[in-house]
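Values below: all heavy atoms of this structure, side chains included; hydrogens, waters and symmetry mates excluded. Here the structure is a predicted model, which is why all the values come from computation and not from measurement.
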Amino acid sequence: MKKVIIKSISLALVIIMMISVFAACGGDKVVDRPTAAQIKTDIGDVTFTFTYGDLRKAGIAGDKLAMLFENTKKKTDDKTVSLSYYELVSTFGGEDYFDNILALIPAEEFTKFSENEEQVIGYFNNLINTIKSDECDDVRISYREEFWINHGDKVVFKDADGNELPNQKELRAAFRLYADKALEGIGGVLLNKDQDHATAFGADLTNEMYVFGSKTASTLTVSDLYTDKENKIYPAYTSVVPTLTFDLDNKGNNAEGEDGEYIFVPTEWYRTINICVKPEEESVNKAFSTRTPDEVLKYFEAAKAYAKVNSYEIAFEPCYITAGVNAVNDEMTYCVYQKNMIVTMNVTFTGALEKYGTMLITFPCANQMTYDIGWRTAE
């Protein structure tokens with residue numbers, strides 16, 4: 001009798017366990033919902049809000065408009081989207097209707113660009129100087145340098161007395177031949193043109209990062225900033241863009257809000273820093289490195305079969321710094337320096353171009369240095 005009771009109890013336990021297992025399988029699954037990421041440092045990132053209707057009337061191409069509102073289920077004229085100025089310039093800057101978009105922004109909204117300049121400069125200086133400091137062992141960089149000469153009608157030819165020469169079109173063709181050859185020589189001295197060099201983690205960056213020879217990368221202040229509202233050049237600002245992920249309901253489906261639109265969660269925040277530096281040597285030298293006059297002349301030796309450079313002068317135009325930052329942890333991921341210049345050269349043409357003699361040539365050019373920044377990840 002005792003033996004039968006034991007078997008009955010064992011069978012009951014098995015049945016109970018089986019019911020529990022099937023109940024677990026048939027119940028609601030645990031759904032991993034996305035966790036919202038938070039911006040670490042608030043420095044008044046600049047964004048503007050537009051409605052679908054206003055942007056449509058501004059003349060934006062249909063495919064680009066659809067892309068802006070791709071996360072919007074019902075595209076009615078009252079739907080809104082927030083865009084940073086950096087997004088506006090990078091997406092629509094070359095379009096005929098760009099001014100129409102800017103006209104949608106109230107004039108007082110543009111004061112955002114001047115409200116936090118000091119914060120932006122302080123934030124940038126702190127990040128870039130920390131990267132270059134001896135105390136930062138968790139970072140390494142790779143870099144590449146580019147140089148280009150702008151051709152076309154911005155190149156001007158004058159005689160020794162400063163009078164503009166005739167046949168500018170013909171002279172530009174001659175100059176292009178000379179410039180292309182000169183660029184071959186310049187290309188040979190650019191730093192890691194093919195981005196084939198990366199430092200080790202914690203390496204000394206004194207001579208690897210601007211400003212070369214200094215333990216400090218930037219000493220820029222608000223007084224070094226340049227603005228030209230007429231040409232839509234603003235001195236210093238930041239903007240952030242989130243990476244959005246669908247929120248999920250308890251069944252793992254895309255969650256919808258009260259209006260039927262999908263709910264999105266920002267899981268990453270990416271910040272862009274934009275700085276425009278005054279075209280003055282004192283300001284430029286606070287964040288950029290420049291080459292000596294003798295070094296520059298040496299780079300043009302590759303084109304000596306076409307012309308001899310007797311002398312030259314360099315005048316800066318507004319120079320730009322653009323940096324990308326993971327706004328969740330304030331880690332900079334890249335920094336691009338663009339040094340814009342106007343060069344005036346006293347040149348004596350030789351060889352195939354000898355007939356053009358000696359003249360003054362003024363042309364715009366740019367030198368760009370790009371630093372890609374990598375961070376050590378926890379093992």
Query - salt bridge (Lys or Arg N to Asp or Glu O under 4.0 Å) between R291 and E145, worked out - result: CA-CA 13 Å; R291 291 181 168 87; E145 184 179 15; 2.9 Å; yes
**Report entry** Test applied, side-chain contact (heavy atoms from CB on, under 4.5 Å); reference residue, L83; option that passes from L88, T49, V241
**Finding:** L88
Query raised in the report: What do you reckon, is CD of E118 surrounded by more than 12 foreign heavy atoms closer than 6.0 Å?
Result: no
Close side-chain approach of [X] to [Y], heavy-atom, < 4.5 Å:
| X | Y | result |
| --- | --- | --- |
| N274 | Y320 | no |
| K75 | L65 | no |
| F92 | K64 | yes |
| Y210 | K132 | no |
| Y337 | C319 | no |
| E331 | I373 | no |
| Y123 | V325 | yes |
| N250 | R33 | yes |

Is the side chain of [X] donor-acceptor paired with the backbone N or O of [Y] at a distance under 3.5 Å, no angle test?
| X | Y | result |
| --- | --- | --- |
| K339 | F316 | no |
| D224 | T221 | yes |
| N285 | E281 | yes |
| R140 | A198 | no |
| D372 | S142 | no |
| S289 | F212 | yes |
| W269 | A37 | yes |

Query - Pairwise distance CZ(F50) to CG(L68) - rounded to 0.5 angstrom - result: 9.5 Å
Side-chain donor-acceptor pair present, [X], [Y], cut-off under 3.5 Å:
| X | Y | result |
| --- | --- | --- |
| Y226 | S283 | no |
| K215 | T206 | yes |
| S84 | D45 | no |
| T216 | N129 | no |

Query raised in the report: Same cluster or not: are I342 and L360 linked, directly or through other Ile, Leu, Val, Met, Phe, Trp or Tyr residues, by side-chain heavy atoms under 4.5 angstrom apart?
Result: no
Query - Ring-ring centroid check F246 F264, cutoff 6.0 Å - result: yes
Which atom of [X] lies closest to which atom of [Y], heavy atoms considered:
| X | Y | result |
| --- | --- | --- |
| T362 | T344 | OG1-OG1, 3.1 Å |
| F110 | Y85 | CE2-CE1, 4.4 Å |
| D32 | L248 | O-CD1, 3.8 Å |

Query raised in the report: Can you list the residues that meet the ring pair (Phe, Tyr, Trp, His ring centres under 6.0 Å) rule with Y52, with sequence neighbours excluded?
Result: F69
Query raised in the report: In a check of side chain to side chain donor-acceptor pair (under 3.5 Å) between Y270 and each of T243, N326, T333, which one passes?
Result: T333
**Report entry** Which residues share a side-chain hydrogen bond (donor to acceptor under 3.5 Å, both in side chains) with D78, sequence neighbours left out
**Finding:** T76
